[in-house]
Each structure stands twice: as structure tokens, then as C-alpha cells.
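When reading the values below, keep in mind they use all heavy atoms of this one structure, side chains included, and skip hydrogens, waters and symmetry mates. It should be emphasised that the depicted structure is a prediction, and the values quoted were computed from it without experimental measurement.
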Amino acid sequence: MSYRLGVDVGGTFTDLLLINEQTGQTYTAKVPSTPHDSSVGVLNGIARICDESGVTPTDIKRVMHGTTVATNAVLTGKGAKVGLVTTKGYEQTLQVARSFCPGGLGGWVSFVKKPLLATLELTIGADERIDAKGNVVRDLDEAALRVDMQKLADKGEVEALTICFINSYLSDKHEQRAKAIAQEIFGDMPISISSEVVPEMQEYERTETTVVNSYVRPEVAKYVNNLQQALKARMGDDVQLSILRSDGGLASGRASGDSPVNLLMSGPAGGVAGAIYFCSRAGYDNILTFDMGGTSTDVALIQNSKAKVRRETIVGDVRVRAPSVDVRTVGAGGGSIAFVPELTKALRVGPESAGAVPGPAAYMKGGTEPTVCDANVVLGYLPSDAQLGGAMAIDREAAVTAVKKVADAMGIDTMEAAEGIIKIANEAMFGALRLVSVEQGYDPRDFALVGFGGAGPLHANALGILTDAWPVIVPPGPGVLCAYGDATTQVQDEATRTYLTLAQKTTSDVLLNDLAELRSRAAESLIADGIAEADLEVTFQADLRYAGQAFEISVDFTEQDLKDQGLALLTGHFDDEHEKLFTFKLDDGHEILMIRAVVKAVSGEIAERLQGEENFTLEDCKIQNTRFFYEGQWHEGALYDRSKLHQKLVVAGPAIVSEMDSTTVVLPGYQANIDAVGNLLINPVK
């Protein structure tokens with residue numbers, strides 16, 4: 001038997017999902033995360049899931065891992081001390097940035113800029129210059145650079161080095177030579193050069209991105225190397241470790257250590273990948289996803305089974321030029337605290353969260369403030385008389401006491417207050433869903449809605465009503481869907497080149513020749529990791545804009561598409577997207593700003609997961625009778641075990657469907673059934 005393992009490290013729990021590739025059978029486990037060293041939690045989880053499943057660790061051949069190591073290093077400011085080598089006269093590129101202060105017209109008055117990731121004290125300027133066409137204007141003064149680098153090394157503070165010269169995206173000659181000199185002086189210290197990390201125009205974005213790569217590189221490399229060695233010790237030398245990238249693809253352990261800037265949004269990308277995996281197999285190619293956890297909710301739009309990818313990644317106040325799934329986050333989660341301001345007496349929910357500790361009042365870990373989770377308990381959506389997830393006991397009285405604080409502050413009934421908390425949380429998530437749909441020219445009614453995460457299925461039906469997006473889909477194992485996404489996506493890499501050419505002044509043949517060069521570059525890292533060239537699939541992208549504009553749109557295409565339709569394929573798609581976003585399009589002046597090749601490794605198919613036994617009746621699936629409060633009144637219903645449900649059964653609301661990692665609410669007037677893939681589909685009763 002051959003198995004693959006998906007691992008997703010969260011702030012509170014590490015989720016694991018083990019898949020038998022031949023039968024599709026899955027095993028899940030949750031273990032506490034270990035923030036001091038995430039690999040400890042991963043190894044603890046592997047030990048538990050192997051013990052509970054009876055699977056021998058050496059049978060696991062592939063480990064796919066979503067990690068927050070890079071993200072946390074940026075958010076906590078605990079990355080490496082970075083030394084920066086740039087072109088003389090451009091030492092203050094990071095300080096000048098884009099001369100933008102967040103806020104209104106007076107934002108500059110109160111704006112306090114955070115410390116830079118590469119300080120001026122650790123920045124030196126190299127005497128060199130390459131012009132805007134890639135020609136050498138002034139040769140690199142190697143002797144002077146060697147002296148300055150030695151002084152920088154003698155300070156004993158630099159832990160990672162960045163080299164970023166002006167216009168090096170056109171010619172890497174000087175950067176490569178500077179890197180060679182740096183290796184002589186700094187030895188084994190990690191060195192990142194911009195022409196390898198992000199060979200794109202715009203010196204600030206290129207410098208910031210390469211500096212961030214250096215900032216997180218020692219921490220990520222240490223983590224990946226330690227984990228890789230530990231996995232080999234337990235599973236054998238042939239185990240393959242892959243890390244989820246921000247754009248939803250996988251990178252090998254080696255590539256992740258070299259370019260960790262591509263891992264900053266590794267966590268949220270896993271859930272999107274998992275949702276695509278289940279929904280595309282069920283025939284739902286256009287979906288809206290919302291991943292509701294304890295602190296926040298991540299939402300995304302997927303069209304034609306492809307997530308929208310932005311060409312930048314934002315973590316805190318750090319913005320880098322690295323591709324990431326277009327995920328928007330709102331501060332509404334199961335632990336979001338509800339309160340009533342003294343001044344307005346208007347109910348508010350979040351963004352402050354009770355977190356894992358002290359947590360919601362109902363979890364009996366010391367929390368006393370009313371949360372969204374407590375409101376769900378009070379309303380009966382989380383039944384307190386059944387141990388959900390097999391282990392978590394819930395105290396309804398503690399939840400009622402907490403929610404009563406809000407009710408008393410507003411002078412209303414406790415049940416009304418609890419329902420108000422839920423509705424406000426739902427509206428916050430609905431607003432985020434509008435950001436990725438309506439405000440980008442898409443009608444939510446043209447999409448299905450996918451709810452996952454620990455708390456997502458509780459609110460999925462209600463959000464379906466707000467968005468009018470049907471069916472509402474709850475994938476199998478929604479609480480560990482990020483781990484499922486890690487386990488089912490593909491290893492990939494990409495190569496990019498600044499193009500800056502008017503579409504009217506080039507031909508498809510010229511463009512194809514340039515793309516062929518990028519394809520070879522993008523495939524290098526995958527081939528180096530032992531993937532056969534025959535197992536690679538290639539797609540291309542071009543970033544277009546109207547000449548004179550600063551806003552570009554990415555267009556995906558294949559080599560055959562370009563041969564069949566020519567450059568009209570690119571300009572036509574760009575025009576359609578531009579009109580959708582801005583209500584107008586122009587006849588000419590299309591400028592191709594960037595081109596890139598994306599190379600993916602073809603992954604083996606996984607057998608479909610097993611369904612419940614078809615001889616089970618709905619009564620056999622029922623755990624107990626229950627009731628919940630909805631729209632001002634109590635409704636009698638039943639609590640069902642999802643693992644026993646199968647395609648021939650229909651669950652009519654009001655009902656609650658329970659599983660190990662989450663709970664789904666089916667509201668009155670709606671019904672749910674299981675499809676062939678194992679998704680729970682909720683639709684209005686006709």
C-alpha cells in the first residue's frame with residue numbers, strides 16, 4: 001500500500017490527513033501545535049495518525065505540508081538580520097518605498113513606519129551601473145565592493161545577505177559576480193540575489209521581496225532541513241517532502257529553503273486547494289469559498305476550477321512581489337468576541353478574539369466573554385448534550401451566562417442577543433464574499449458556496465441565503481480541509497521575465513520563442529528534484545495593460561492556444577476582464593508587461609473516498625433528537641452522524657450533521673444530501 005500525508009500547521013492545532021492512494025480511505029488527526037518548533041507538532045501528529053490507523057510510517061511516500069513558519073517570522077519580527085548590497089546612490093530604496101502613508105489625507109500625521117527588515121546600518125552601495133536596456137554603463141568595482149563587504153562582515157550582525165542592483169532583472173552579470181565575492185567573505189551564509197528571486201522591473205518591489213526572502217530564509221531552511229531529516233529517519237530515504245506555496249502549488253523541500261518568500265500565504269492556500277479538489281470532481285467549477293476558523297475567515301473566488309492568483313503577497317504591512325491565491329480575510333471567527341459599546345449601545349462582533357486560551361466560555365478553559373461560538377451553543381447549533389468531535393465537552397450554562405452580558409447591555413432577551421451575534425458575524429463574512437465577487441464583477445448567484453474550517457459549516461446555510469449561491473457545499477472533513485488540499489495539489493515552479501512590448505509590435509512566433517526559454521528555466525528546479533521531464537505540464541501567463549496605465553491583468557493560456565488564436569487571444573481576454581472590472585475597453589495600445597511559464601508535475605490519481613454503507617436508513621444515521629433556535633422560534637430536529645450518510649439519503653432541515661472535526665447546520669426550509677464525491681450539498685426545498 002502507498003500513502004500520502006497532508007499536514008497543516010495552525011496556530012492552535014496541527015491537522016493531519018492520511019490518504020490510501022489505492023482505496024481512497026482517509027484517516028485524520030489533530031494534535032496541539034508547538035509554536036517554539038512546529039516540526040515537533042508535525043512529528044507528534046505523524047506518530048498519532050500512524051498509531052491510530054495502523055499504517056507503518058515507511059508506507060508513507062509523500063508528505064505535503066502547509067506551514068506558517070515564514071508568515072510568523074514576518075508577523076512577529078523574529079526573522080534574520082539582513083545585510084543589503086545595492087547600487088551606490090540607491091541605499092535608501094526601502095526607506096523611500098512608494099512614498100505612501102496609509103489613511104486619509106492627513107495619514108502622514110499619525111503614521112509611524114515600522115522598522116525596516118534591512119537597516120541602513122547594514123546597507124552598502126556597490127559602484128556599478130546597468131542601464132534600462134541591460135547594457136553595462138559602469139563595470140562593478142570589485143575591489144571596493146570586497147572592502148565594503150568585509151567591513152559589513154566584521155560587524156558580526158548580518159545573518160542573511162541580499163544583493164539587489166538597479167536593472168539587474170535585465171542582466172544578472174553584476175549580481176552574480178557580487179554573490180561570488182560575498183560567498184568568499186561570508187562563507188555559508190544564505191545569500192539571495194534579486195535576479196534569481198524576482199527578476200522583474202520596479203526596484204523597490206524587487207528589493208523588498210528579495211530582502212523578505214533573506215529575512216525568513218534561515219528560519220525556513222532550518223525548519224525544512226530538520227523536518228526532512230526527521231522524516232527520513234522515520235519513513236526512509238525515499239520519502240518526498242513538499243511545502244505548499246502561496247499560489248496553491250507545491251514546492252520541494254529544497255526549493256522551499258531557497259525561495260521561502262513564496263511560502264508566506266502557505267496556510268490559506270491549502271483550504272482553497274482542498275475545496276477545488278472536491279468541488280471540481282463533483283462538477284462544480286465555479287465556487288466561492290469561506291474558511292472560518294477561531295479568529296478570522298478567509299474567502300476566495302474560484303472560476304473554472306482555478307483560484308484567482310494575485311502577483312503580490314501581503315503579510316501585515318509587508319507587501320512582496322510573489323504570487324498568492326487571492327484570499328481576503330475578515331476578523332469574524334468562532335472565537336470573535338461580541339460587545340456593546342457604552343456610547344452607541346449597538347452590538348459589535350470582533351475583530352478581537354478569545355483565541356485558544358482562554359477561548360469561548362462554553363469550552364471551560366477560563367473564558368468569560370461572549371463569542372460567536374457561545375452564541376452557537378446558546379442557539380442549539382452546537383448541541384451541548386452531545387460530545388462533538390468525540391472529545392470536546394460543551395457547557396451551555398457558561399455560554400448563556402456570557403451571552404447574557406450582551407443581552408442585559410442592550411435590554412433584550414438572551415436568545416435574541418445570541419441570534420444577533422450570529423447575524424452580525426454572517427454579515428461580516430458576506431461583506432468579505434462581496435469583495436471577491438460583486439466588487440470584481442462577478443455575480444455570487446453564478447457560483448456555488450463552499451464552507452469549511454472548524455466553524456464554517458455552522459454558518460454555511462445562512463451565508464447561502466445571503467449570497468443566494470447554491471448549492472452550499474460542505475466538503476468531507478471540512479475542519480481538516482487545508483491538510484486535504486496540501487495532500488492533493490501539484491508540485492510546481494515558475495519563471496518570469498519583464499517584457500514591456502506592445503502587442504501590436506510583436507508576433508506570436510516571437511512570443512513563443514521567448515516563452516520556450518522561460519519554460520526551460522521553470523523546469524530546472526523540478527528536474528533537479530528528480531521529476532522526469534515527461535511528467536511536466538506547462539501553462540503560460542502574460543500580464544497586460546493599456547499603454548500609459550499602471551494596472552495590469554494576468555491572462556492564462558497554453559502554447560496550443562497561442563498557436564491557434566495568435567495574440568488576439570491575449571488582447572481579447574484582457575479587454576473582456578477590463579470591461580468587467582471598469583465598464584470600458586479600448587481598441588488598441590495593449591502592452592505586454594510580463595510573461596511567465598508555470599510548470600507543474602503531474603501527480604498520481606487518488607482513488608475516491610469511501611461512502612457510508614447504502615443499507616443505512618436515515619434513522620440508522622441519527623444520533624439523537626435535538627432542537628435549535630432560528631428566526632425567533634425553536635425548531636425540533638435531529639442530529640446525524642455524517643460518516644454514515646450516503647447518496648440515497650436526504651436530510652431535511654431543521655437538522656444538524658456532526659463529524660469529527662466540524663458541525664453542519666441545515667436550516668428549516670432546506671435539505672442536504674451526499675454526492676458521489678462525499679460532499680454535503682445544501683439546497684432550498686422546492
Is a side-chain donor or acceptor of Asp172 paired with a backbone partner of Glu175 at a separation under 3.5 angstrom? no

With side-chain contact (heavy atoms from CB on, under 4.5 Å) as the criterion, how do Val212 and Leu264 come out once you've worked through the C-alpha distance, each side chain's angles and the decisive distance to 0.1 Å? CA-CA 10 Å; Val212 171; Leu264 290 174; 4.1 Å; yes

Might you work through the side-chain contact (heavy atoms from CB on, under 4.5 Å) test for Leu511 and Tyr499, ending with a clear yes or no? CA-CA 10 Å; Leu511 182 56; Tyr499 212 57; 3.8 Å; yes

Nearest 0.5 Å please: distance from the OG1 atom of Thr123 over to the CG atom of Asp148. 12.0 Å

Check: Ser195/Ser168 side-chain N/O donor and acceptor closer than 3.5 Å: no

Aromatic ring pairing His65/Tyr223, orientation class (parallel under 30°, perpendicular over 60°, tilted between): tilted

Salt bridge present between Asp247 and Arg245 (N-O < 4.0 angstrom): yes

Closest approach of Gly270 to Leu244 (non-hydrogen atoms, all atoms of both residues): N-CD2, 3.2 Å

Side-chain contact, heavy-atom cut-off 4.5 Å: Arg129 with Ile166? yes

Taking atom types as modelled, find out whether Ser214 and Ser192 have a side-chain donor-acceptor pair closer than 3.5 angstrom. yes

Keeping the roles fixed (side chain from Asn135, backbone from Asp131), state whether a donor-acceptor pair exists under 3.5 Å. no

The residue among Phe551, Tyr546, Phe574 that forms ring pair (Phe, Tyr, Trp, His ring centres under 6.0 Å) with Phe582 is Phe551

Exercise: identify the closest heavy-atom pair between Thr209 and Val197: CG2-CG1, 4.3 Å

Salt bridge check, Asp543 against Arg596: does any charged N sit closer than 4.0 Å to a carboxylate O? yes

Go through it in stages, so that I can follow the logic: the residues are Gln202 and Arg321, the test is side chain to side chain donor-acceptor pair (under 3.5 Å), and I'd like the CA-CA distance, side-chain angles, deciding distance and then a yes or no. CA-CA 10 Å; Gln202 297 180 322; Arg321 187 69 64 82; 2.4 Å; yes

For the CG atom of Leu117 and the CG atom of Leu94, what is their distance to the nearest 0.5 Å? 8.0 Å

Side-chain ion pair, Lys155 and Glu121, N-O less than 4.0 Å: no

Are any of the side-chain nitrogens in Lys179 or Glu196 under 4.0 Å away from the carboxylate oxygens of its partner? yes

side-chain contact (heavy atoms from CB on, under 4.5 Å) between Arg177 and Glu142, worked out: CA-CA 8 Å; Arg177 185 61 197 138; Glu142 296 185 14; 3.0 Å; yes

When you look at Asp154 and Gln150, which way does the side chain to side chain donor-acceptor pair (under 3.5 Å) test go after all the steps? CA-CA 6 Å; Asp154 290 343; Gln150 189 61 58; 3.0 Å; yes

Taking 4.0 angstrom as the limit, do Arg146 and Glu184 come out as a salt bridge? yes

Would you check, one step at a time, whether the test side-chain contact (heavy atoms from CB on, under 4.5 Å) holds for Asp8 with Thr14? CA-CA 6 Å; Asp8 181 70; Thr14 295; over 6 Å; no

Working to the nearest 0.5 angstrom, can you tell me the gap between Leu152 CG and Leu161 CG? 6.5 Å

Are Arg319 and Glu312 within salt-bridge range, i.e. N to O under 4.0 Å? yes

For residues Leu526 and Val599, determine if any side-chain heavy atom of one lies less than 4.5 Å from a side-chain heavy atom of the other. yes

Looking only at heavy atoms, the pair that brings Ala523 and Leu536 closest together is CB-CD1, 3.8 Å

Quick check: does any side chain N or O of Thr87 sit under 3.5 Å from a backbone N or O of Tyr90, one acting as donor and the other as acceptor? no

Polar side-chain atom of Ser520 near backbone of Ala516 as donor-acceptor pair, under 3.5 Å: yes

Looking only at heavy atoms, the pair that brings Asp15 and Ala483 closest together is O-CB, 3.9 Å

Using a strict cut-off of less than 4.0 Å between a Lys/Arg side-chain nitrogen and an Asp/Glu carboxylate oxygen, indicate whether Asp298 and Arg328 qualify as a salt bridge. no

Got Ile595 and Asp514 here, is their nearest side-chain heavy-atom distance under 4.5 Å? yes

Taking Glu591 for its side chain and Thr501 for its backbone only, find out whether a donor-acceptor pair lies under 3.5 Å. no

Between Tyr215 (side chain) and Gly79 (backbone), is there a donor-acceptor pair under 3.5 Å? yes

Short N-O contact, Glu494 and Arg311, less than 4.0 angstrom: yes

Candidate pair Thr210 and Asn213, rule side chain to side chain donor-acceptor pair (under 3.5 Å), full reasoning: CA-CA 5 Å; Thr210 315; Asn213 192 74; over 6 Å; no

Basic-acidic side-chain contact under 4.0 Å: Arg138, Glu128: no

With a 4.0 Å cut-off on N to O distance, would you call Asp493 and Arg521 a salt bridge? no

With a 4.5 Å heavy-atom cut-off, do Leu593 and Leu544 have their side chains touching? no

Under 3.5 Å, is there a donor-acceptor pair between the side chain of Ser259 and the main chain of Asn262? no

Residue pair Val325 / Lys308, side-chain heavy-atom distance below 4.5 Å: no

Contact between Leu515 and Glu559 at the side-chain level, heavy atoms closer than 4.5 Å - yes or no? no

Check this for me, if you would: do Asp237 and Lys232 make a salt bridge, where the nitrogen-to-carboxylate-oxygen distance has to be below 4.0 angstrom? no

So, Ser266 side chain and Thr67 main chain: donor-acceptor pair closer than 3.5 Å or not? yes

Is there side-chain contact between Met64 and Val7, with heavy atoms separated by less than 4.5 Å? no

Identify the two heavy atoms, one from Leu502 and one from Ala547, that lie closest to each other, and give their separation to 0.1 Å. CD2-CB, 4.2 Å

So do Val239 and Arg62 actually touch side chain to side chain, heavy atoms under 4.5 Å? no

Can you see which heavy atom on Ser256 is nearest to which on Val220, and at what distance? O-CG1, 3.9 Å

Is Glu200 paired with Arg206 through a side-chain N to carboxylate O contact shorter than 4.0 Å? no

Determine whether Glu91 and Thr86 satisfy the following criterion, side chain to side chain donor-acceptor pair (under 3.5 Å), listing intermediate values before the conclusion. CA-CA 6 Å; Glu91 292 90 345; Thr86 188; over 6 Å; no

